[in-house]
There are 2 protein chains.
Amino acid sequence: MPKKYHHGDLKNALIQAGVEILAKEGAGGLSLRKVAQRAGVSHSAPYAHFPDKQSLIAAISTEGFTQLYTGLEAAISPYSKNPKKQLLEGVKAYVRFAEENTDTFKIMFSGVLEKEKDYPSFVEISSQTFKLVVEVIQACQNAGILPATAPADLMAVSVWGQIHGVVSLALEGQVSHTLLNKHTIQEIASFGLAQMLLT
Amino acid sequence: MPKKYHHGDLKNALIQAGVEILAKEGAGGLSLRKVAQRAGVSHSAPYAHFPDKQSLIAAISTEGFTQLYTGLEAAISPYSKNPKKQLLEGVKAYVRFAEENTDTFKIMFSGVLEKEKDYPSFVEISSQTFKLVVEVIQACQNAGILPATAPADLMAVSVWGQIHGVVSLALEGQVSHTLLNKHTIQEIASFGLAQMLLT
DNA sequence: CGAAAATCTTGACACCGTCAAGATTGTGAC
DNA sequence: GTCACAATCTTGACGGTGTCAAGATTTTCG
């Protein structure tokens with residue numbers, strides 16, 4: 001469904017334009033009018049597909065979560081017999097996504113999207129992503145790699161929070177320059193994770 | 001230095017007004033003109049004290065970090081002989097600050113402030129805060145409460161990242177409702193921390 | 001006291017999100 | 001096939017926003 005009738009598949013073109021502007025100018029430079037211009041339509045054309053700006057941002061975030069989800073799944077699926085490897089590769093994929101799509105990552109988690117529950121597909125994909133994390137964590141618990149002292153969902157938030165926190169702090173420039181000279185974000189995040197592992 | 005001459009201590013009044021608007025309407029409702037109006041001055045009066053909006057946001061964030069820093073110090077100073085207690089109380093203070101000043105917390109860490117290194121007092125207080133964390137971590141390492149397998153600054157980023165990540169995910173609504181029904185954010189964060197402790 | 005600096009107001013500009021009205025184009029019933 | 005209808009897009013307008021220039025007011029200080 002690439003080119004359709006009137007002007008093409010405008011809805012997706014707008015999302016794509018938004019992602020590009022986000023990558024080029026950051027969240028501060030993201031405006032509906034610029035998105036419209038980049039897609040080659042007039043300034044209020046987006047209102048045929050999105051009721052407001054928040055809705056476009058929700059779509060961009062949803063797109064980001066979809067990418068993150070598929071990236072995670074691709075990273076762990078080859079190692080269904082090796083939970084520890086799944087965990088390590090999943091973390092690597094998570095960090096890589098954050099580094100390669102910094103501004104999308106920020107918009108996904110930075111509270112720019114105000115009423116997330118109003119966007120069902122966003123809720124769907126983000127909770128599905130969390131479910132994926134829980135599965136890996138549970139497998140690790142069953143394999144004795146992570147402690148089984150708590151339900152998998154609680155443990156999952158802890159592990160995910162660990163990685164997410166380190167990545168977020170690093171992206172915000174809150175990790176000291178001297179530390180980032182000695183280690184990559186990947187290494188710092190992996191080190192934090194290693195603290196929680198049993199073996 | 002409460003009331004001065006012309007209109008008073010406008011600079012701080014603007015920061016305060018900004019904090020209030022932030023708490024009342026969130027980051028989306030924070031505009032220079034509203035801040036000015038709330039402080040009782042004309043729409044471009046702020047430009048006598050801040051070169052642009054980013055600079056006001058930097059001042060608000062700096063104020064937030066100052067509060068966070070003093071809160072942390074107040075929480076840990078009574079326990080200078082007990083590193084573990086310092087760590088636990090520090091975490092409690094961190095989570096409490098995030099819960100009581102949600103929007104300020106978000107602005108401090110959400111990348112709304114774009115070129116943080118341009119604001120020396122922001123850099124100063126935030127790095128000072130990190131230094132405080134490192135000190136506690138080092139004390140814990142010396143007391144055998146945290147592993148000494150890594151330098152204190154690396155371990156500090158891991159621990160801080162753990163707490164920060166859990167708090168951020170929770171504030172963004174990324175922690176499942178069912179989990180939040182069973183545990184407070186405090187508890188979830190503390191659980192994550194406990195995973196990293198030796199004793 | 002008077003000049004210079006700091007502070008604040010007024011007015012303007014371009015940009016923004018949003019809406020209303022209308023033009024254009026695709027779709028489906030007959 | 002054609003014709004009404006729905007979807008899509010444009011144009012123009014509105015109030016709100018960040019920012020700047022010009023000027024008024026007030027404080028400071030030699």
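First the proteins, then the strands, lettered A, B, ... as listed; each starts at 1. Just the heavy atoms: all of them, side chains too, but no hydrogens, waters or symmetry mates, feed the values below.
- Across the protein-nucleic acid pair, Gln37(B) atom CD and dG16(D) atom C1' stand 12 Å apart, rounded to whole Å.
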Residues Leu72(B), Val136(B); criterion side chain to side chain contact (heavy atoms under 4.5 Å, CB included); working and verdict = CA-CA 11 Å; Leu72(B) 285 178; Val136(B) 173; over 6 Å; no
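- Rounded to whole Å, the distance from CG on Asp9(A) to P on dA7(D) is 17 Å.
- Distance, Arg33(B) CZ to dC20(D) P: 13 Å, rounded to whole Å.
- Rounded to whole Å, atom C1' of dT17(D) lies 14 Å from atom CD of Glu25(B).
- Of the residues in residues 45-55 of chain A, those lying under 4.0 Å from DNA chain C by heavy-atom distance are Tyr47(A), Asp52(A), Lys53(A).
- Within 4.0 Å of Ser31(B), counting heavy atoms only, lie sugar-phosphate atoms of the nucleic acid but no base atom.
- Regarding Leu10(A), its CG atom lies at a distance of 15 Å from the C1' atom of dG26(C), rounded to whole Å.
- Clustering ILVMFWY residues whenever any of their side-chain heavy atoms sit less than 4.5 angstrom apart, transitively, puts Met196(A) in the very cluster that holds Phe191(B).
- The listed nucleotides are dT10(C), dT11(D), dT17(D); the one nearest the side chain of Ser44(B) is dT10(C).
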Ring pair (Phe, Tyr, Trp, His ring centres under 6.0 Å) between Phe65(B) and Phe109(B), intermediate numbers included = CA-CA 10 Å; Phe65(B) 261 106; Phe109(B) 293 105; 5.5 Å; yes
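- His43(A) has its NE2 atom 12 Å from the C1' atom of dC15(C), to the nearest Å.
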request  = Please assess Leu10(A) against Leu14(A) for the test side chain to side chain contact (heavy atoms under 4.5 Å, CB included), listing each intermediate value before the final yes or no.
outcome  = CA-CA 6 Å; Leu10(A) 185 56; Leu14(A) 291 169; 3.9 Å; yes
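- Lys92(A) and Glu89(A) are joined by a salt bridge, as a carboxylate oxygen and a charged side-chain nitrogen come within less than 4.0 angstrom of each other.
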request  = Show your reasoning for whether side chain to side chain contact (heavy atoms under 4.5 Å, CB included) applies to Tyr94(A) and Phe105(A).
outcome  = CA-CA 10 Å; Tyr94(A) 193 86; Phe105(A) 182 82; 3.8 Å; yes
